[in-house]
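Before any comments, here is the structure.
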There are 2 protein chains.
Amino acid sequence: MLDITEVVRRSGVPASTLRYYEEKGLILSTGRRGLKRIFAPRVLDQLALIALGRAAGFTLDEIGEMFDAGGEPSIDRHALSAKADALDDTIRKLSAMRDGLRHAAKCPAPSHLECVQFRRLMNIASARMKVEKQRGSQDI
Amino acid sequence: MLDITEVVRRSGVPASTLRYYEEKGLILSTGRRGLKRIFAPRVLDQLALIALGRAAGFTLDEIGEMFDAGGEPSIDRHALSAKADALDDTIRKLSAMRDGLRHAAKCPAPSHLECVQFRRLMNIASARMKVEKQRGSQDI
DNA sequence: CCTTGACCTCAAGCCAGCTTCAAGTTGCAG
DNA sequence: CTGCAACTTGAAGCTGGCTTGAGGTCAAGG
């Protein structure tokens with residue numbers, strides 16, 4: 001059993017954020033010693049999961065839908081797959097952006113907006129984006 | 001030469017956003033007819049580029065550093081490469097997240113936080129994240 | 001020439017995700 | 001038992017990226 005300071009020390013997540021997450025129902029404190037929250041060690045895993053989700057561009061609400069306050073994945077396997085698909089699209093966009101940047105860093109073309117290769121990368125990614133807008137998903 | 005309504009129609013970007021981007025120095029209007037802004041067709045490409053950057057998790061300020069108001073990549077090739085590297089890290093995290101979600105959608109384990117495969121995916125991604133925090137980069 | 005409505009500006013507002021602040025409580029070292 | 005540092009709460013504040021609103025200007029059609 002960990003007090004909030006210990007959780008802060010081990011996770012690097014500020015106390016204010018822990019209280020905020022608890023208020024939002026993303027984590028649970030297992031009890032109180034007086035006023036003070038007590039956490040089960042498992043909260044450290046949940047925090048890692050939340051950080052991962054945030055880094056993947058999900059909102060806190062979405063993460064809340066994917067995992068319960070105990071950190072277990074939602075029963076809705078279909079929703080989980082849908083999130084995974086959304087991530088695939090995002091990954092494709094990011095890859096195009098990365099390739100575009102790498103190309104721009106190398107290519108000596110006078111105007112990149114007119115460089116064939118650069119435009120091709122741009123188009124791949126922006127075509128993807130329109131698809132996503134239609135579906136209204138995963139707009140990091 | 002396009003007026004703002006035409007740019008809105010062709011790009012899907014709201015007029016308020018166009019004015020905001022101009023104010024921020026991300027795009028340029030090439031002149032005025034009376035009070036009204038006139039844009040060169042090239043602004044459509046720049047908007048696509050900005051949308052791509054946003055989707056890749058860059059802030060407007062970062063995009064401003066990567067590309068000048070004409071849409072040409074920054075002269076600082078080193079910075080462009082650095083952004084590309086940051087994207088590589090992000091892509092790795094997202095891939096781990098995606099795999100984790102796909103696994104969670106399938107795996108019948110009672111507790112995923114104790115599922116070896118799930119934990120392995122989590123760890124890959126959170127190790128990556130610490131590296132990024134140290135470098136202070138790309139925290140979508 | 002006059003109206004109209006598309007554009008303009010500037011300021012304020014909104015949402016997410018936190019952080020900060022003021023004021024109150026309490027476990028525990030001395 | 002006392003004191004104080006570490007916790008607590010609730011509300012307000014902040015940043016980024018826009019959107020909205022009030023009030024003003026002006027180009028073009030009738």
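Scope of the values below: all heavy atoms of this structure, side chains included, with no hydrogens, waters or symmetry mates.
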Outermost DNA chain D nucleotides near chain B [under 4.0 Å, heavy atoms]: D/dG17 to D/dA27
Nearest-angstrom distance from the residue atom CD of A/E22 to P of C/dG17: 18 Å
Non-neighbouring partners of A/S111 that pass side-chain hydrogen bond (donor to acceptor under 3.5 Å, both in side chains), sequence neighbours left out: B/E72
Test salt bridge (Lys or Arg N to Asp or Glu O under 4.0 Å) applied to A/R102 - qualifying residues, sequence neighbours left out: B/D85, B/D88
Residues that A/H103 engages under ring pair (Phe, Tyr, Trp, His ring centres under 6.0 Å), provided they are two or more places apart: none
Sequence-distant partners of B/F118, ring pair (Phe, Tyr, Trp, His ring centres under 6.0 Å), two or more places apart: B/H112
Hydrophobic cluster partners of A/I38 (side-chain heavy atoms under 4.5 Å): A/M1
Contacts of type side-chain contact (heavy atoms from CB on, under 4.5 Å), residue B/S16, not counting sequence neighbours: B/P14
Non-hydrogen atoms of A/I4 and A/A15 that approach each other most closely: CD1-CB, 3.9 Å
A/K24 or A/R33, whichever maps to the more 5' nucleotide of DNA chain C: A/K24
Qualifying residues under side-chain hydrogen bond (donor to acceptor under 3.5 Å, both in side chains), relative to B/R10, sequence neighbours excluded: B/E6
Length of the CD-C1' vector between A/E23 and C/dA16, whole Å: 14 Å
N/O (side chain, B/R37) to phosphate O (OP1/OP2, C/dT9) under 4.0 Å: yes
Polar side-chain atom of B/R32 near backbone of B/L35 as donor-acceptor pair, under 3.5 Å: yes
A/L35 CG to C/dT26 P, straight-line distance once rounded to whole Å: 5 Å
Residues forming a salt bridge (Lys or Arg N to Asp or Glu O under 4.0 Å) with A/K24, sequence neighbours excluded: A/D61
Sequence-distant partners of B/D99, salt bridge (Lys or Arg N to Asp or Glu O under 4.0 Å), two or more places apart: none
Members of residues 13-21 of chain B that approach DNA chain D, where some heavy atom sits under 4.0 Å away: B/P14, B/S16, B/T17, B/Y20, B/Y21
Give every pair of a protein N or O atom and an N or O atom of nucleotides 4-6 of chain C that lie under 3.5 Å apart, one pair per line with the distance.
none

